[in-house]
Amino acid sequence: MQKTNSRLRNTYALFTLCNPELIEPFSSRIPNHEIVAAKLITSTHNHAASVCINSIEDEQYQFKLDLESRTYLSKGDWIWVKQIEIYFPNTVLLNINIKPRVIDLPYINNNICAHWLFKNVADELSQMLDCYL
């Protein structure tokens, strides 16, 4: 139960920073004390997220996540993705297995734009959040 609570808290913190519309449908089901804890996390760890993208060829790509940007530049890096791991602040927060598909990595400078990356896998994230609640 404690592990689920910390994942829920960190997930809420992460999404409120970069993509609040993904977490909004679940907000009424999240306990108030977890929301307060998430707000404390967001105030101190807003630059501490990273992503590891695993391709269908078992190659790994690691990037820092930009949690503030809402725009990105496409560099034409289309990758067949099968799994995405999100680290926040420095522990694995989410391990998302997705139906393998091509995703254009949304760059902002040398980082990945979390807002658009999460929009690309919104269905899988919603299913995962349902499991936490």
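Residues Y87 and L93 fall into different hydrophobic clusters, defined by Ile, Leu, Val, Met, Phe, Trp and Tyr side chains chained together at heavy-atom separations under 4.5 Å. Note on I108: it does not cluster hydrophobically with L67, by side-chain heavy-atom contacts below 4.5 Å among ILVMFWY residues. When the side chains of ILVMFWY residues are joined at heavy-atom separations under 4.5 Å, either directly or via intervening members, I23 and L117 end up in a single hydrophobic cluster. No continuous path of ILVMFWY side-chain contacts below 4.5 Å connects L65 to Y72, so the two sit in separate hydrophobic clusters. Transitive grouping of hydrophobic side chains (ILVMFWY, heavy atoms separated by less than 4.5 Å) brings L125 and I103 into a common cluster.
Using a 4.5 Å heavy-atom cutoff, the side chains of L105 and I79 are in contact. The shortest distance between side-chain heavy atoms of I84 and V121 falls below 4.5 Å. For the pair E21/H115, a side-chain contact is recorded, criterion being any heavy-atom separation below 4.5 Å from C-beta on. Counting heavy atoms from C-beta on, the side chains of D130 and R29 come closer than 4.5 Å. No side-chain heavy atom of N32 sits less than 4.5 Å from a side-chain heavy atom of E34. Contact check for C113 versus T71: no side-chain heavy atoms found under the 4.5 Å cut-off.
The distance from atom NZ of K82 to atom CD1 of I96, rounded to the nearest 0.5 Å, is 15.0 Å. Here I112 contributes atom CD1 and S69 contributes atom OG; the two are 11.0 Å apart, rounded to the nearest 0.5 Å. Interatomic distance, CD of E24 versus CG of L22, reported as 11.0 Å (0.5 Å rounding). Here the straight-line distance linking atom CG of L14 with atom CZ of R9 works out to 14.0 Å at 0.5 Å rounding. Interatomic distance, Q60 CD to S55 OG, rounded to the nearest 0.5 Å: 9.0 Å. Once rounded to the nearest 0.5 Å, the distance linking OG of S27 with CD1 of I35 reads 5.5 Å.
The pair E124-K99 does not meet the salt-bridge criterion, since no charged nitrogen lies less than 4.0 angstrom from a carboxylate oxygen. One finds no salt bridge joining D104 and K75 here, because no Lys/Arg side-chain nitrogen approaches an Asp/Glu carboxylate oxygen to under 4.0 Å.
Summarising the geometry of W116 relative to P106, their closest heavy-atom pair is CB-CB, 3.8 Å, with the distance given to 0.1 Å. Smallest separation of non-hydrogen atoms from Q83 and I98: N-CG1, 4.3 Å. Shortest non-hydrogen contact noted between P20 and C18 is CD-C, 3.8 Å.
Proximity of a side-chain donor or acceptor of N109 to a complementary backbone N or O of N111 within less than 3.5 Å is not detected.
A centroid separation of 6.0 Å or more is found between the aromatic rings of F26 and Y12.
Side-chain atoms of N54 and E59 form no donor-acceptor pair, as typed in the model, at a separation below 3.5 Å.
Ring geometry, F15 versus F118: the interplanar angle exceeds 60°, so the pair is classed perpendicular (tilted spans 30 to 60°).
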